[in-house]
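Heads up, the thing below is written out as structure tokens.
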2 protein chains.
Amino acid sequence: MTHENTDYVDILRTHGYRVTMPRMIVLDAVCAHEGHAAIADIQRLVYDMDPTIDRSTIYRALDVLVEVGLVVESDLGHPGKVYSIAGEANHHHLVCLQCGKVLSIRRDVIMGLKAQIHEAYGFDLQADHLTLNGLCRDCQSKKPPHSL
Amino acid sequence: MTHENTDYVDILRTHGYRVTMPRMIVLDAVCAHEGHAAIADIQRLVYDMDPTIDRSTIYRALDVLVEVGLVVESDLGHPGKVYSIAGEANHHHLVCLQCGKVLSIRRDVIMGLKAQIHEAYGFDLQADHLTLNGLCRDCQSKKPPHSL
DNA sequence: CAGCTTATTGCAAAAAGTCGCAATATCAGC
DNA sequence: GCTGATATTGCGACTTTTTGCAATAAGCTG
Ligand SMILES: [Mn+2]
Ligand SMILES: [Mn+2]
Ligand SMILES: [Zn+2]
Ligand SMILES: [Zn+2]
């Protein structure tokens with residue numbers, strides 16, 4: 001359930017990154033928050049563990065953690081992105097462009113697409129805690145007068 | 001090929017928004033740029049048409065245009081989002097989390113997913129110029145030493 | 001088309017995010 | 001366990017994006 005399960009040290013090194021205190025603390029913070037951690041949440045948790053870590057370092061650490069695949073970044077429509085430990089989410093999100101509502105959907109809805117994309121393009125879709133946009137049921141019906 | 005085809009006046013009013021000069025000019029700018037218009041591009045084009053329009057107004061106009069469905073917003077991994085006229089893109093994008101490469105894929109790959117999601121959740125997926133993340137072919141093979 | 005209501009704008013200030021650089025810490029090699 | 005090469009950090013300056021508010025303009029009513 002936590003990143004302790006994965007060998008994040010090896011993963012970072014394999015990708016050519018060094019294992020540093022700030023990176024570990026940022027990873028701990030994302031882990032401690034348990035899903036949808038906004039930058040402000042992460043900054044607060046990091047600050048509790050080590051108040052000397054700079055804002056810019058947190059941003060850079062998150063970039064690295066996302067790049068090596070330990071952390072997943074999502075844009076849920078609210079200003080700012082949110083972060084989660086990779087592999088822990090068992091769902092994806094649908095975000096309504098009109099009202100901003102966020103729905104959760106079953107993880108396996110994406111599996112077909114993932115297979116299809118891998119076959120056609122050789123691209124390995126990151127199918128962990130995806131975000132897709134569109135119109136929720138309410139907002140669809142709220143818009144009958146015109147049809148575009 | 002341009003937004004002239006759609007009745008953007010009605011669309012805005014239907015959604016309860018007023019039709020204003022800044023909004024029209026921002027829409028024109030997105031249209032003029034033809035795909036992947038960054039904020040800087042839009043600002044430049046808007047400034048040419050009317051130098052008195054404020055930066056903040058451009059951001060707010062884009063939010064509205066996205067919300068009513070006239071414009072599509074994408075995060076291609078580079079800093080900052082890009083904008084396009086809705087309905088004009090005939091492709092989606094795959095963005096590699098590791099190297100940042102951006103691939104284009106056939107529009108219809110998503111159709112199955114769109115139908116599936118609509119059936120299961122009543123959600124109307126915005127299947128116009130989507131962005132999905134993952135690992136490109138090169139970056140997959142570049143990472144054999146460890147397996148998570 | 002003049003008057004009225006209220007959404008929208010421009011401005012200024014704040015907040016969020018990015019970047020270059022000198023100082024520091026990681027870690028491979030001995 | 002040291003040493004050296006170099007990736008990473010903290011800091012400050014900068015850029016980008018967001019926000020509150022008073023002035024303005026859209027569009028409904030008659
Ligand atoms: Mn979630
Ligand atoms: Mn495109
Ligand atoms: Zn909605
Ligand atoms: Zn790649």
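Order of the sequence lines sets the chain letters (A, B, ...), proteins ahead of strands, with each chain counted from 1. Just so we're clear, the structure is a prediction, and the values are computed from it rather than from any experiment.
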(request) Check the distance between D:dT17's P and A:K81's NZ and give it to me in whole angstrom. (result) 11 Å
(message) Over 60° means perpendicular and under 30° means parallel, so tell me whether B:H91 and B:H129 are parallel, tilted or perpendicular.
(response) perpendicular
(message) Test salt bridge (Lys or Arg N to Asp or Glu O under 4.0 Å) on A:D41 and A:R44; report intermediate values, then the result.
(response) CA-CA 5 Å; A:D41 301 319; A:R44 196 175 325 111; 3.6 Å; yes
(request) Please tell me if the side chains of B:V19 and B:M24 come closer than 4.5 Å, counting only heavy atoms from C-beta onward. (result) yes
Enumerate the protein-to-nucleotides 13-16 of chain D contacts in which both atoms are nitrogen or oxygen and the separation is below 3.5 Å.
none

(request) With heavy atoms under 4.0 Å as the rule, sort A:R60 into base, sugar-phosphate or nothing. (result) base
(message) Quick check: closest heavy atoms across B:L76 and B:V95, and the distance to 0.1 Å?
(response) O-CG1, 3.6 Å
(request) Give, ordered by number, those residues of residues 45-54 of chain B having at least one heavy-atom distance below 4.0 Å to an atom of DNA chain C; if nothing qualifies, reply none. (result) B:T52, B:I53, B:D54
(request) Please report the shortest heavy-atom distance between B:E67 and B:Y17, naming the atom on each side. (result) OE1-OH, 2.9 Å
(message) Check this for me: A:M21, atom CE, are more than 12 non-hydrogen atoms of other residues, nucleotides or ligands nearer than 6.0 Å?
(response) no
(request) Give me the other members of the hydrophobic cluster that B:L45 sits in, counting Ile, Leu, Val, Met, Phe, Trp and Tyr linked by side-chain heavy atoms under 4.5 Å, directly or via other members. (result) none
(request) At under 4.0 Å between heavy atoms, which parts of nucleotides 22-30 of chain D does protein reach? Answer with one letter per nucleotide, 5' to 3': B base, S sugar-phosphate only, - none. (result) ---BBS---
(request) Specify the angle, to 10°, made by the local axes at the two ends of the helix from C:dC1-D:dG30 to C:dC30-D:dG1 when five pairs are taken at each end. (result) 50°
(request) Could you tell me whether the side chain of A:L70 reaches within less than 4.5 Å of the side chain of A:V30, counting heavy atoms only? (result) no
(message) Looking at B:K101 and B:C96, would you say the former's side chain and the latter's main chain have a donor-acceptor pair under 3.5 Å?
(response) no
(request) Quick one: closest heavy-atom pair of A:H78 and A:V102, and the distance? (result) NE2-CG2, 4.1 Å
(message) For A:G122, is there any backbone N or O sitting under 3.5 Å from a side-chain donor or acceptor partner on B:Q140?
(response) yes
(request) In whole angstrom, give the distance that lies between atom CG of B:D75 and atom P of D:dT17. (result) 11 Å
(request) Take atom NE2 of B:H78 and atom P of D:dT17, then tell me their distance rounded to the nearest Å. (result) 15 Å
(message) Donor-acceptor pair, distance only, cut-off 3.5 Å: does the side chain of A:H93 make one with the backbone of A:L103?
(response) yes
(request) Look at the side-chain N and O atoms of A:S56 and state whether any lies under 4.0 Å from the OP1 or OP2 oxygen of D:dG10. (result) no
(message) When you group the ILVMFWY residues by side-chain heavy-atom contacts below 4.5 Å and let the links chain together, are B:L113 and B:F123 in the same group?
(response) yes
(request) Side-chain contact test, heavy atoms from C-beta onward, threshold under 4.5 Å: evaluate it for B:Y121 versus A:V109 and give yes or no. (result) yes
(request) Would you kindly give the NE2-to-C1' distance between A:H15 and D:dT8, to the nearest whole Å? (result) 18 Å
(message) At a heavy-atom distance below 4.0 Å, which nucleotide of DNA chain C is the first touched by chain B, and which is the last?
(response) C:dT6 to C:dC11
(request) Please name the pair of heavy atoms, one in B:S84 and one in B:H36, separated by the smallest distance, quoted to 0.1 Å. (result) OG-N, 3.8 Å
(request) Look only at the side chain of B:H92 and the backbone of B:R107, and say whether a donor-acceptor pair between them is shorter than 3.5 Å. (result) yes
